[in-house]
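Reviewing the structure listed below.
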Amino acid sequence: MWVVTRCYSKHAYQKTLLLPKTKFAKRSSLQKTFGELISQSSDEVYKRQYEELLKKLSAITDQDEKLSFIKNNVFVLHDGPPYANGDIHFGHSLNKILKDIINRYHLMQGKYVYYKLGWDCHGLPIELKALRELNGQVGDLSPTKVRSLASKHASQAVKKQKKQFWELGVLANWDDFYCTNEKQYELDQLRVLQKMFERGLIKRQRKPVYWGTETYTALAEGELEYKEDHKSTAVYVKFPLTKASCELLQTRLEKLSGVNKPIKCLAWTTTPWTLFSNRAICFNENMYYTAVEAENEILLIESSAIDRLTWGDSKTPTAVAELSGAELAGLQYTNPLVSDETRPLLHGNHVVSGTGTGMVHTCPGHGQDDYVVGIANNLEVYSPVDHEGRYIIEEMPQHLRTILVGEDGKPRKVLDAGTTTTVLSLLQEKDMLQSSYDHTHSYPYDWRSKKPIIVRSTPQWFACLEDVKKQALESLETVRFYPSRGRNRLSAFIKSRSEWCISRQRSWGVPIPVLHKKDNPDEVLINEETIEHIIKTIEAKGTDAWFAPSTEENMQYWLPENYKKDAHKYMRGKDTVDVWFDSGSSWNSIVRWYKEELGLEKLPEPLCNLYLEGSDQHRGWFQSSVLTKVCSTGTSKAPFGSVVTHGFTLDENGIKMSKSIGNVITPSDIFTGKPNIGPSLGIDGLRLLVAQSDFTSDVAVGPTVSTHVADALKNFRLTFRFLLGNLQNSQDFVLLPFDQLRPVDRYVLAKLKELSIETNKCYQNFNFAKVSTLVQYNMNNLLSAFYFDIAKDSLYSDSLTSIKRRQIQTTFFHILEVYRTILGPIIPIMIQEVFNHLPTGWLQNSIYSQKPIDYCPMTRSYSGVDFSNHESIVSEFQNKLLVLQSFKKAFGALSDVTKPGQVKTTLYCNQGEQFDPEELADLTQSGEFNIIQGEASLSANGILDVITLNDGNKISLLVEASAKSSCPRCWKHNSESEGQLCRRCYAVVNPGT
């Protein structure tokens, strides 16, 4: 029996309400994250899933079945090794977090993940950094001492960076990683080199190479950065034809007959320092040239060049005669600058119209095109420049040796301004200078020293790529690129590369296994037998033994039996392998894993599902990985199935982050926050910042971006807190079946199904930014502004065992499952914390009781209610949403009411319309809701609205202020008198009455 109960205190019944309760914190804690949550959500997750993989594979004995299982159930993302030098920065974070999002997504999809971190530990920057730590006390260090210092520095850097990467919440086994300076890694790399040699792809040649004058080593194309505003001194140089050639040309051209003026070829160059090495002038026999009269001489230039050339103070010359390029064949000229013998004019396909003068100053020792012409015509490959970029005085003509020495008594550096001035003076003196000017153009710089490079000829080891380019390009045909432009970019780099200079003149690296004659270092000993023996010796003695001083005694170790008698004649080579070859052969670590840990005899193709690095790696690691794989295996198989690239990192002003500028941002800066960066975001905030960015282009970070991320992170946390708080109030709760849920509950779950489908597509297309956008839209519109709002009354005011409350809590649990599954790859720390605060009873008594939720939700796909008719559920609910929309419109037009609980709502519909008044009362949150079959009668103080349903039928909704009193417990105007509990609240407060 319902007895009237009156209480006029506003808060008298507050303790009877079931308000949300949870220990899930309002804010994240870095201390808790580092001390507990990273281990739970990352270390333990990776370890358990990997142990489960090994256990399953151990039960498979058939090799084909094992291979099939791996192809279908294992996801391998191969880590491109960052450089082991210094602290990590935001760019490192971008890279590692993107990889981790992808790994966690695939783990969530039910796959096992293998992710082995790696570090690039060789190369000049590490060597120089180690030497700088000696504070200038370098002295005459031996190669073995240099290697020891560099190894120690790399080891310390790896240890430091490993901790910093761990702090990003990366899913990995931190005890299982590769370093390019590890013995086994070096041996595997040497085996790649050995196979390439056996295929005839490795050769030693004296050729012009890119050379770093600050780093004293040859450089590959991938080690160059092009500066677009580089300034060079461009010169027009006059080379006089020999007397015999002048006479020959005059007989060929009637208009030149009888002209008693010297005839000169006008060449253009932006490297005047190479003029001492000139060995020919190239023209193109398919182009046309004009003899022009300029003051007291005749100049030969390409016909279209006359009007575009810079003639200085001289007037534009007059054309005397035109001739075909073929008529220049057989002519010779001299170079007064060096006073040497006559030189030829030669045809060159590389000579094109539109630039220069059509007459190309040719130095086989200082240019690739020049070298090709030189080899074809038996020209001297002359390059009198040393490793510092200074002239080698002893190799210069006698009359130039004094001139090319600077004021400091040292040979001049070819790129110094003083050298250019000296060359111009010599040209002026020899009447060879037509004009000069400052020329701004793109020029290659050393990516390490950031200084301009030179091209000089030295003996180097090359990988010949001409015959394998086709296979390399074919290997990319089945590769998926994201963004798609990456395919053309990588293909273009491979197409344009005919050879790869793989030798470097440093001590810190993997040695090239070659022996040199002591009395003639250019005579080398290298064959299949010696390479095999050297590799086995390195395996036994270690790589450092190679760099010890060569003595007759220790050379006995390095020579096969057939050569030991000549040990005293040989010494070990000093060149090391290009670091891009180091990192490019890292796919071997995956091969070794397949064979040694998984017991595979036949390897899957591709070896790895995905490579992900910055867009600059098309010319670097992606390219070297393809080339080493194809060249050593002889197959058209790339080591990766997909390639994903990201852009560079910028500050909020769009300026590329640089230590020299001082705008580099570290992960810890973002964790804790700074005025120039924004509020503290913690680890999940940094990860969300990465996920929300369009990483395919450059990514900026600053206060504006960070503030938006902080707001989104706060919304996520508050939503999880609300869900968890309302799941605490339960007693031995069992999730209700889907068919026992209310229509609104089913509608919410159907919308969540849509969200799951859409976000899954986004993950598959690496569109993580849209995942975040979709979730936030769903959270704000479906949950906060709709479902949570209408659920609060029942959650707070209904009895603990109320069926409606159980329906809402069941829906909440599914919402939680969907959200933590979708967001798990992006914010795993918060998701782990959510999981830790989920009431135990929900786990033990839920539909997951047959599949226990163990260490972390990341290991499972969302498998909540699986309904295939979610689209029809959403469609069927639309009419109820139209009622809600109409209610909001009418309620907004009412005066003297501030909350929906203060109104009475009446729905008028024709016979046959089916609406549940209790459900609509929940949707509108009205104090009371009635449905009347019949025509609407307008109240004097009410607002009447007509609703057109989806089928075209019309119904009416009347919203008016309620005449009833406010319930002192739920505050809805549904009580018969002031201070009296409504029927629902009375039953809750007085159970059993």
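Note that these values count all heavy atoms, side chains included, but never hydrogens, waters or copies made by symmetry. On a predicted model such as this, the values are computed, not experimentally measured, just so you know.
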Ignoring hydrogens and angles, tell me if any N or O in the side chain of Tyr819 forms a donor-acceptor pair with the backbone of Met779 under 3.5 Å. yes
Strictly below 4.0 Å, N to O, side chains only: are Asp100 and Arg687 in salt-bridge contact? yes
Show the numbers, then the answer: is there a side-chain contact (heavy atoms from CB on, under 4.5 Å) between Tyr908 and Ile955? CA-CA 6 Å; Tyr908 296 90; Ile955 58 176; over 6 Å; no
Counting neighbours of NZ on Lys770 that are heavy atoms of other residues, nucleotides or ligands and sit closer than 6.0 Å, is the number greater than 12? no
Side chains of Asn726 and Tyr796 only: does a donor on one sit below 3.5 Å from an acceptor on the other? no
Looking at Lys47, I want to see if its NZ is surrounded by more than 12 non-hydrogen atoms of other residues, nucleotides or ligands under 6.0 Å. no
For atom CG of Asp896, is the number of surrounding heavy atoms from other residues, nucleotides or ligands below 6.0 Å larger than 12? no
For side-chain contact (heavy atoms from CB on, under 4.5 Å), just list the numbers for Phe813 and Ile808, CA-CA rounded to whole Å, side-chain angles, deciding distance to a tenth of an Å, and then say yes or no. CA-CA 9 Å; Phe813 183 77; Ile808 294 171; over 6 Å; no
Identify which one of Glu928, Gln902, Lys972 satisfies the side-chain hydrogen bond (donor to acceptor under 3.5 Å, both in side chains) criterion when paired with Ser962. Glu928
Start with the C-alpha gap between Phe812 and Phe788, add the side-chain angles, then the distance that decides, and say whether ring pair (Phe, Tyr, Trp, His ring centres under 6.0 Å) holds. CA-CA 9 Å; Phe812 270 25; Phe788 287 173; 5.3 Å; yes
Would you call the rings of Phe695 and Phe768 parallel, tilted or perpendicular, where under 30° means parallel and over 60° means perpendicular? parallel
Are Glu919 and Lys880 within salt-bridge range, i.e. N to O under 4.0 Å? yes
Worked verdict on Val113 versus Tyr50 for side-chain contact (heavy atoms from CB on, under 4.5 Å): CA-CA 7 Å; Val113 169; Tyr50 187 67; over 6 Å; no
Should Lys904 and Ser926 be marked as a side-chain contact (heavy atoms from CB on, under 4.5 Å) after you check the CA-CA gap, both sets of side-chain angles, and the distance that decides it? CA-CA 6 Å; Lys904 172 185 176 182; Ser926 301; over 6 Å; no
With a sphere of 6.0 Å drawn around CD of Gln878, does it hold more than 12 non-hydrogen atoms of other residues, nucleotides or ligands? yes
Does Arg969 reach the main-chain N or O of Leu981 with its side chain, forming a donor-acceptor pair under 3.5 Å? no
Which distance, rounded to the nearest 0.5 Å, do you find between the OG1 of Thr33 and the CD of Gln40? 10.5 Å
A quick test of your reading: do over 12 heavy atoms of other residues, nucleotides or ligands sit less than 6.0 Å from CD of Gln31? no
Can Arg104 and Ser42 be counted as having a side-chain donor-acceptor contact under 3.5 angstrom? yes
Distance-only donor-acceptor check, side chains Gln980 and Ser977, under 3.5 Å: yes
With a 3.5 Å distance limit and no angle check, can you tell me whether Asn930 reaches the backbone of Pro917 through a side-chain donor-acceptor pair? no
Could you tell me whether Lys753 and Glu871 have a side-chain N and a carboxylate O separated by less than 4.0 Å? no
Gln692 side chain vs Val709 backbone, donor-acceptor pair below 3.5 Å: no
Answer yes when Asp922 and Arg742 have at least one side-chain N-carboxylate O distance shorter than 4.0 Å, and no when they do not. yes
Basic-acidic side-chain contact under 4.0 Å: Asp798, Arg805: no
Using distance alone, with no hydrogens and no angle criterion, decide if Asn765 and Asn767 have a side-chain donor and acceptor under 3.5 Å apart. no
Partner of Lys954 by side chain to side chain contact (heavy atoms under 4.5 Å, CB included), out of Leu949, Thr948, Ile947: Thr948
Does the pair Glu754/Lys751 count as a salt bridge with the N-to-O cut at 4.0 Å? yes
Under a 3.5 Å threshold, yes or no: a donor from one side chain and an acceptor from the other, between Asn103 and Tyr46? no
Any idea which heavy atoms bring Ser756 and Val818 closest together, and the distance? OG-CG1, 3.5 Å
Backbone of Phe24 reached by a side-chain donor or acceptor of Thr22 within 3.5 Å: yes
Start with the C-alpha gap between Arg984 and Asp793, add the side-chain angles, then the distance that decides, and say whether salt bridge (charged side-chain N to carboxylate O under 4.0 Å, His left out) holds. CA-CA 11 Å; Arg984 187 262 313 262; Asp793 177 65; 3.1 Å; yes
For the residue pair Asn780 / Gln776, report whether a side-chain donor-acceptor contact shorter than 3.5 Å exists. no
Just wondering, more than 12 heavy atoms not from Glu935 lying within 6.0 Å of its CD? no
Can Lys792 be said to sit on top of Phe722's aromatic six-ring, NZ or CZ under 6.0 Å from centre and within 45° of the ring axis? yes
